[in-house]
Amino acid sequence: MNILVINSGSSSVKADIINSVTGERLDTANVERIQSDTPLMVINGEVFTNCPTGHSNAVPFLLEQLLAHNAGQTIHAVGHRVVHGGEHFTQATLVTDEVLAKCEGLNHLAPLHNPVNIDGIRLARKVLPDVPHVAVFDTAFHHTLPTRAQAYALPKKLTEKYGIRRYGFHGTSHEYVAHKAAEHLKTDISQLRIITCHLGNGCSVAAVEFGRSVETSMGMTPLEGLVMGTRSGDVDPGVLAMLVREEGLDGHSLDRLLNNESGLLGISGTGNDMRDIVEQASGNNEDARLALHVFSHRLRKYIGAYTAVMAGVDAIVFTGGIGENSSVVRHRACQRLDYLGAVIDEDLNRDLKLSHEQPVGVFSMPHGRVKLLAIKTDEQYSIARQTAQVAAEMDKVNSISVIPVAVSARHVHLKQETVEALFGPGYQLTERAPLSQPGQFSCNETVTVVGPKNRIERVRILGPVRPADQVEISRTDEFFLGIDAPVRESGKIENTPGCTLIGPYGEAALQTGVICAWRHIHMTPHDADNFGVSDKDIVEVRIGNDNRSLTFGNVLVRVSPNYKLEMHIDTDEGNAANLSPGAQGVLIHTEGSASLLTRQLRVEEVV
């Protein structure tokens with residue numbers, strides 16, 4: 001498909017016509033100084049000085065001129081960058097009047113960006129009314145952040161009133177380069193822990209664990225986190241309170257100070273361009289040196305923190321104007337990461353050059369366990385691909401057919417060695433009752449699960465035995481036991497906490513294996529065809545019964561000919577949907593049923 005991608009900013013508008021399969025730019029255009037009396041418009045390198053001023057005049061003029069240059073090509077859809085999607089928009093979305101109204105309701109979260117993004121959409125819809133328009137949100141990739149990473153430690157009444165929480169930004173870039181890294185490493189992204197560093201005039205870091213964003217440095221706004229060109233990044237809030245008192249700053253002046261007068265510009269006193277700061281730092285400019293030191297120190301601190309969040313890292317990716325081009329920043333960020341297994345090759349780093357033909361460069365030593373990569377980001381191409389997917393209705397699913405729902409209570413899977421440690425040499429598990437999934441059964445045997453704080457007795461074992469021990473608990477169980485269990489797909493127990501199991505014969509100290517199971521749906525290949533989904537897809541599901549309905553996002557689809565159609569949620573989720581008064585045992589079948597709403601788009605799919 002040929003996709004027109006529009007990025008409507010406050011002072012400029014960029015528009016590219018991109019082939020969604022190859023990424024080829026068929027035409028490119030932009031308008032700078034759009035609010036001035038003399039906007040500058042460039043189309044395919046040709047300069048135009050007759051562009052009218054203001055978005056309402058300049059955007060239609062730009063698009064009409066661009067389309068005239070592209071008269072021989074059909075535009076199949078239009079993709080628009082929208083900075084803030086709030087809680088509602090978790091992936092690229094077809095634009096309707098209702099969607100625009102919801103976007104406008106988020107203007108208070110991004111007052112400098114969302115209004116002009118929305119204006120650009122409205123103006124483009126008038127120029128191209130007969131093709132689908134799609135909004136692609138900077139925040140969408142980070143909708144998988146766990147609650148603990150979303151929350152600020154502020155009074156609940158305020159956070160709920162104003163929608164105060166951490167959303168994250170640069171999601172389009174973080175997602176794109178994470179998948180590029182997995183592709184380069186020839187490893188499925190679901191097997192990797194990646195730290196992505198988007199470094200430009202705006203900077204952010206993301207922890208991408210098995211394909212999902214689990215932490216990111218920007219928060220409710222793009223102001224939090226790293227030192228940036230003109231933004232402060234992290235600042236002690238007490239400093240701001242003091243400046244309000246001592247300098248008499250109001251909200252607008254404080255906003256200007258933090259967003260436009262701080263960061264590299266504020267420290268160096270000379271500018272916000274990293275190239276100039278590196279040059280001046282080499283010429284004995286102490287303020288420039290300090291700016292470079294603070295920038296690199298903050299970045300390295302976040303890399304270390306996110307390694308701890310994911311209990312390890314497999315690859316660290318640098319992207320954006322600074323990340324792709326500054327060997328000095330890459331060197332300073334990585335020079336003391338040897339303890340992680342990230343060992344920089346200084347020669348490769350110094351000589352690294354990225355291009356469209358060579359978008360990935362490795363600058364780690366061959367013996368280093370952690371790969372250091374520089375990857376050329378392409379947010380416009382990513383927007384084009386997502387737009388093509390939505391235009392082709394690849395997010396659509398069969399929402400008519402229903403799925404049985406079962407509540408999965410806490411349970412344990414054991415390997416034979418652990419069975420014998422708990423119940424005696426040569427002991428074999430005995431079947432109590434078959435489960436809905438073919439070949440699986442609940443056992444007569446139970447164990448006591450012991451955590452740092454408490455213990456839970458009579459936890460049922462599921463058979464047959466497995467290659468590794470695994471304990472699946474709910475969030476309520478997690479707090480009761482005192483265990484910080486990550487949300488994981490069953491079987492993915494690397495870098496998870498352990499616990500102690502007690503049986504009638506003895507006990508076993510598990511070093512790993514305690515998880516909160518990722519809510520999921522079991523399907524046969526026939527079921528998957530019926531619903532229009534594939535194995536490992538992420539879907540949104542509405543669960544309903546006579547009393548209450550609830551929508552669950554981030555539901556994993558698991559497809560196998562050995563499965564039976566059924567959605568599994570834990571006891572906390574079952575109670576939230578009013579499906580069960582309280583779970584006892586292993587799987588409780590409920591009167592509730594589920595229907596699919598949407599399918600999360602996959603980066604690797606092209607149209």
Side-chain angles (χ1 to χ4, degrees), residues 404-451 454-478 480-481 483 485 487-493 496-522 558 560-575 579-590:
V405 179
V407 176
S408 178
R410 66 183 78 98
H411 58 271
V412 176
H413 300 280
L414 298 177
K415 58 186 180 183
Q416 182 60 33
E417 178 185 346
T418 308
V419 170
E420 296 185 20
L422 297 171
F423 295 94
Y427 192 90
Q428 299 294 314
L429 295 174
T430 59
E431 182 174 337
R432 176 173 178 261
L435 298 178
S436 58
Q437 297 308 311
Q440 299 185 25
F441 54 88
S442 66
C443 300
N444 291 303
E445 293 79 11
T446 63
V447 294
T448 298
V449 178
V450 182
N454 290 298
R455 63 178 58 198
I456 301 175
E457 298 180 343
R458 297 185 297 279
V459 179
R460 188 73 59 187
I461 300 173
L462 298 193
V465 293
R466 287 192 176 188
D469 299 317
Q470 180 174 296
V471 180
E472 296 186 25
I473 59 177
S474 69
R475 284 294 184 208
T476 299
D477 295 336
E478 175 193 30
F480 182 75
L481 292 169
I483 296 174
V487 175
R488 290 283 179 85
E489 180 183 353
S490 181
K492 292 189 178 299
I493 59 172
T496 57
C499 67
T500 298
L501 301 180
I502 301 176
Y505 178 81
E507 59 183 64
L510 307 187
Q511 299 303 308
T512 60
V514 182
I515 66 169
C516 293
W518 189 352
R519 64 180 77 103
H520 56 277
I521 302 172
H522 292 289
R558 300 174 65 184
S560 168
N562 298 321
Y563 289 155
K564 177 184 176 182
L565 181 63
E566 191 169 61
M567 179 176 176
H568 289 182
I569 58 178
D570 69 22
T571 51
D572 292 340
E573 295 163 338
N575 291 334
L579 294 179
S580 169
Q584 301 295 324
V586 179
L587 271 179
I588 295 178
H589 296 278
T590 72

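Model, not experiment: these values are computed from the prediction.
With a 4.5 Å cut-off on side-chain heavy atoms, C499 and V471 count as touching. At a threshold of 4.5 Å between non-hydrogen side-chain atoms, the residues I483 and D477 do not count as touching. Between V447 and I502, every side-chain heavy-atom pair lies at or beyond the 4.5 Å cut-off. Between I461 and L414, some side-chain heavy-atom pair lies under the 4.5 Å cut-off.
When only modelled atom types and interatomic distance are considered, T448 and E457 share no side-chain donor-acceptor pair under 3.5 Å. Using modelled atom types, one finds no donor on one side chain facing an acceptor on the other under 3.5 Å when comparing S408 with E472.
For the atom pair Q470 CD and I493 CD1, the distance stands at 6.5 Å (nearest 0.5 Å). To the nearest 0.5 angstrom, L429 atom CG is 9.5 Å from N444 atom CG. Between atom CZ of residue R558 and atom CD of residue E566 there is a gap of 12.5 Å, rounded to the nearest 0.5 Å. Interatomic distance, R455 CZ to L501 CG, rounded to the nearest 0.5 Å: 11.5 Å. Note that CG of L510 is 7.5 Å distant from OG1 of T512, once rounded to the nearest 0.5 Å. Rounding to the nearest 0.5 angstrom, the gap separating the OG atom in S442 from the CZ atom in R432 is 5.0 Å.
Listed by chain and residue number, A509 satisfy the side chain to side chain contact (heavy atoms under 4.5 Å, CB included) test with Q511 (two or more places apart in sequence, or in another chain). Remark: R475 engages R148, E478, V487, C516, D572 in a side chain to side chain contact (heavy atoms under 4.5 Å, CB included) (not counting sequence neighbours).
C443 and G463 get closest at one heavy-atom pair: SG-N, 3.6 Å. Minimum heavy-atom separation, R488 to I515: O-CD1, 3.8 Å. Of all heavy-atom pairs between I569 and E573, the closest is CB-OE1, 3.3 Å. Residues A485 and P497 come closest through the heavy atom pair CA-CG, 4.1 Å.
Within 6.0 Å of the CD atom in E417, the count of heavy atoms belonging to other residues, nucleotides or ligands does not exceed 12. Remark: K564 NZ is loosely packed, at most 12 non-hydrogen atoms of other residues, nucleotides or ligands lying under 6.0 Å away.
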Side chain to side chain contact (heavy atoms under 4.5 Å, CB included) between H520 and S490, worked out: CA-CA 10 Å; H520 56 277; S490 181; 5.9 Å; no
Chi angles and distances behind the side chain to side chain contact (heavy atoms under 4.5 Å, CB included) call for R519, H568: CA-CA 6 Å; R519 64 180 77 103; H568 289 182; over 6 Å; no
Working for side chain to side chain contact (heavy atoms under 4.5 Å, CB included), residues V459 and T446: CA-CA 5 Å; V459 179; T446 63; 5.8 Å; no
Pair F441-L462, side chain to side chain contact (heavy atoms under 4.5 Å, CB included): steps then yes or no: CA-CA 6 Å; F441 54 88; L462 298 193; over 6 Å; no
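Between the side chain of S474 and the backbone N or O of T571, no donor-acceptor pair lies under 3.5 Å.
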List, one per line, each side-chain donor-acceptor pair under 3.5 Å for residues 418-428, sequence neighbours excluded.
from	atom 1	to	atom 2	distance (Å)
T418	OG1	D469	OD1	3.0
T418	OG1	D469	OD2	2.7
E420	OE1	G426	N	3.4
E420	OE2	Q416	NE2	3.2
Y427	OH	E445	OE2	2.7

